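Here is how names work: the chains are called A, B, and so on, in the same order as the sequence lines, proteins then strands, and each is numbered from 1. All figures in this text were calculated on a predicted structure; none of them were measured in a lab.
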Number of protein chains: 2
Amino acid sequence: MSEKIATIEDVARHAGVSIATVSRALHKPDVVSETTREKVQTAITATGYTANVMARNLRLNRSGMILLLVPDIGNPFFSAILSGIEKGASQAGYNVLIGDTQNDPEREATYAAYLRSNQADAMILLNGRLPASLANAPANATPPVVVACERIPGCALPTVIIDNDEASFIANRHLTDLGHRRIAHVSGPSGNILTIDRVTGYRRALEAAGIAHDPSLIYRGDFSIDSGIAAGRALLGDPKTRPTAVSCASDGMAIGVIVAAKEYGLRIPQDVSVVGFDDIPHAAAYDPPITTVRQPRRRLGEQAITLLLDRLGSKGLHDSRDTGPVIIPTELIVRQSSGPCPTL
Amino acid sequence: MSEKIATIEDVARHAGVSIATVSRALHKPDVVSETTREKVQTAITATGYTANVMARNLRLNRSGMILLLVPDIGNPFFSAILSGIEKGASQAGYNVLIGDTQNDPEREATYAAYLRSNQADAMILLNGRLPASLANAPANATPPVVVACERIPGCALPTVIIDNDEASFIANRHLTDLGHRRIAHVSGPSGNILTIDRVTGYRRALEAAGIAHDPSLIYRGDFSIDSGIAAGRALLGDPKTRPTAVSCASDGMAIGVIVAAKEYGLRIPQDVSVVGFDDIPHAAAYDPPITTVRQPRRRLGEQAITLLLDRLGSKGLHDSRDTGPVIIPTELIVRQSSGPCPTL
DNA sequence: ATTGAAAATGAAAACGTTTACACAGAGGGT
DNA sequence: ACCCTCTGTGTAAACGTTTTCATTTTCAAT
């Protein structure tokens, strides 16, 4: 009595037609006669038939799966991006398989192999590193891969990013505009392209204001709250060398810097201004609300999947002559963690 | 010159053996002779062969996919749970397909159909609702489904949860122990089982302290920061009726309540104590650091996948006589948002 | 009636695997 | 020499679809 699952053959037998007709009734209804279509329809409901997707995919040589490589699902930063991608993908009939790479190149390679083994039709990279198997792709037929979130230097794949350099420039210019001249920067981990671009923007802004670069004012964090606390303690401990403003490469680190500042009894923004990056939901609810660069993460995800679907839609030869990356605009959100430079 | 992908047949031809032997060399190495194994091995590297997973899955009638239904990927609350599940699944050779249901029963049904159509071997429910197709499953052979995060009343499926009632009881007893007698509760949306259980714990704690229940002290939120702000404004506006403590069903709402309290110039915890729920990373870095119930989310995910893999491992008949849900212990983390009841 | 095109259907090949079955050769015991 | 067991391999059948191609049916125009 073990409920065997119905196959297309069961439907065919039940409807008194061939399996080919059943298949056609489902996928090319216009080519099959009204009456048979109905017979098939009733047979389907009678048997409770659901097409075996794997068999179909084998035949069609596709998987209906889009592979999404993220460095860490646990990081809420990616949540909204995922959400945007998932929405677009499911509208187009694709499923999104999320691969958590933990920044491990081996895991990245494992997942990238899914493309070859037909487990995925396409891939979106959120982790800013190109799996080795893609690195030496022929230039005239790029694989169906889109890079999002972090640009990969020297990589011709379609890319969607924000202009980190410019966004950081604007955030730091906001501080120089407020009269600050001793401005520290808490960056991301070294090697990270985000880190590099945001440091560049920071330095450009200071230079534009005629401020000499002081390497001791750059603290290397890792985007986490804890590293922000460490940065704050390191930068704000000595009243003699203390900057009057700190720009951070993430909101989490900005929060950490503020926590450390409060430990020293410093008031934000009267004694020290702090700006963050990303505009996570908690930035607005913090005390004080944090001035930050809003990064439209959902939009970024949507753009990425749009780019990919375009790519998949137009089957055929694909030139890697890239039209340049798609740039999602950012916005400086001024809240109360930044204010005029205190007069000494 | 379009790089055709190598099949098992290419390997066989290249190695001068049959495809059966190639397959065996890969999956049952002990049954094939040393020399042929080597020949096959070199042939594989020579051709760059990767097995077509879809063909294998069709043959084996499995998908290697575990479907994970979440109400909203965009919600960082789930991030750590996902992460725990993903870890366990990938160790066992499964992939995790995340289905974002947006709390839409139709989408839930769509995804649940994946089980029938062989797109997924098993399912984990994080959304606290049983898709209709599973509701009337035969009692002696439950489908390979595990419920996590929210228990589903009257559902015999394997379940892993925290004891929300008891956790909420302990959080609120913490407040009564501090001498508070007028304690408000900011709950989740109505109908939600988490809401119900946490309200129950709240009421039990007050009752245990001999405090009469006052329905006007329960405010219905939706777990978000904004709803917490609204709750705070509603509860703390009138000095005459103001509670001295507020317990919240999420950390986000606790943050919102604190934001509102500060608007009224109230000090935390001198004027009003606030406790949260979940222990999200931001709870510890808030000002003041928030007393809350730590929910080991990663552990919860790990338990869920463990349960599921057990279930998958022991193929055969499965009795739905449930051994009762697995309960993950919680922990009250006392920080500085809660303190003694102010003497009037 | 006959023809011929158009419409509807069925038979069978393919997609790339795994595996049940059969079979050949190699020893080892009588 | 014979039989018997092992070991290693190949043949071919499945898995459930989609689709090409050929065939049948329909039906309007002669």
Under 3.5 Å, N/O pairs linking protein and nucleotides 22-27 of chain D:
none

What pairs of nitrogen or oxygen atoms, one from the protein and one from nucleotides 8-15 of chain C, lie under 3.5 Å apart?
{"unit_1": "C:dT9", "atom_1": "OP1", "unit_2": "A:S33", "atom_2": "OG", "d": "3.4"}
{"unit_1": "C:dT9", "atom_1": "OP1", "unit_2": "A:T36", "atom_2": "OG1", "d": "3.0"}
{"unit_1": "C:dT9", "atom_1": "OP2", "unit_2": "A:S33", "atom_2": "N", "d": "3.1"}
{"unit_1": "C:dT9", "atom_1": "OP2", "unit_2": "A:T36", "atom_2": "OG1", "d": "3.0"}
{"unit_1": "C:dG10", "atom_1": "OP2", "unit_2": "A:S18", "atom_2": "N", "d": "2.7"}
{"unit_1": "C:dG10", "atom_1": "OP2", "unit_2": "A:S18", "atom_2": "OG", "d": "3.1"}
{"unit_1": "C:dG10", "atom_1": "OP2", "unit_2": "A:T21", "atom_2": "OG1", "d": "2.6"}
{"unit_1": "C:dG10", "atom_1": "N7", "unit_2": "A:R24", "atom_2": "NH2", "d": "2.8"}
{"unit_1": "C:dG10", "atom_1": "O6", "unit_2": "A:R24", "atom_2": "NH1", "d": "3.2"}

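Straight-line distance from the CZ atom of A:R56 to the C1' atom of D:dT19: 13 Å, rounded to whole Å. As a whole-Å value, the separation of A:D10 CG from D:dG16 P is 9 Å.
Looking at heavy atoms from C-beta onward, A:Q303 lies in side-chain contact with A:I328 at the 4.5 angstrom threshold. Counting heavy atoms from C-beta outward, B:I66 and B:I305 have side chains that approach closer than 4.5 Å.
The side chain to side chain donor-acceptor pair (under 3.5 Å) analysis of residues 146-157 of chain B, with sequence neighbours excluded, yields the pairs B:R151-B:D197. Listed by first and then second residue, the ring-ring contact (aromatic ring centres under 6.0 Å, His included) pairs that reach into residues 99-119 of chain B are B:Y111-B:Y114, sequence neighbours excluded.
Side-chain polar atoms of A:N118 and A:N61 form a donor-acceptor pair below 3.5 angstrom. B:S18 and B:T21 are linked by a side-chain donor-acceptor pair at a separation below 3.5 angstrom, with hydrogens and angles left out of the test.
Atom-to-atom distance recorded for A:N57:CG and B:M54:CE is 5.0 Å, nearest 0.5 angstrom. Going from atom CG of B:N127 over to atom CD1 of B:I124 covers 12.0 Å, rounded to the nearest 0.5 Å.
The side chain of B:K28 places an N or O atom within less than 4.0 Å of a non-bridging phosphate oxygen (OP1 or OP2) of C:dT19.
Against DNA chain C, the stretch residues 41-51 of chain B makes heavy-atom approaches under 4.0 Å through B:Y49, B:T50, B:A51.
By the salt bridge (charged side-chain N to carboxylate O under 4.0 Å, His left out) test, B:E106 pairs with no residue at all, sequence neighbours left out.
The residues A:R299 and A:E302 are annotated as not salt-bridged, no charged nitrogen and carboxylate oxygen being separated by less than 4.0 angstrom.
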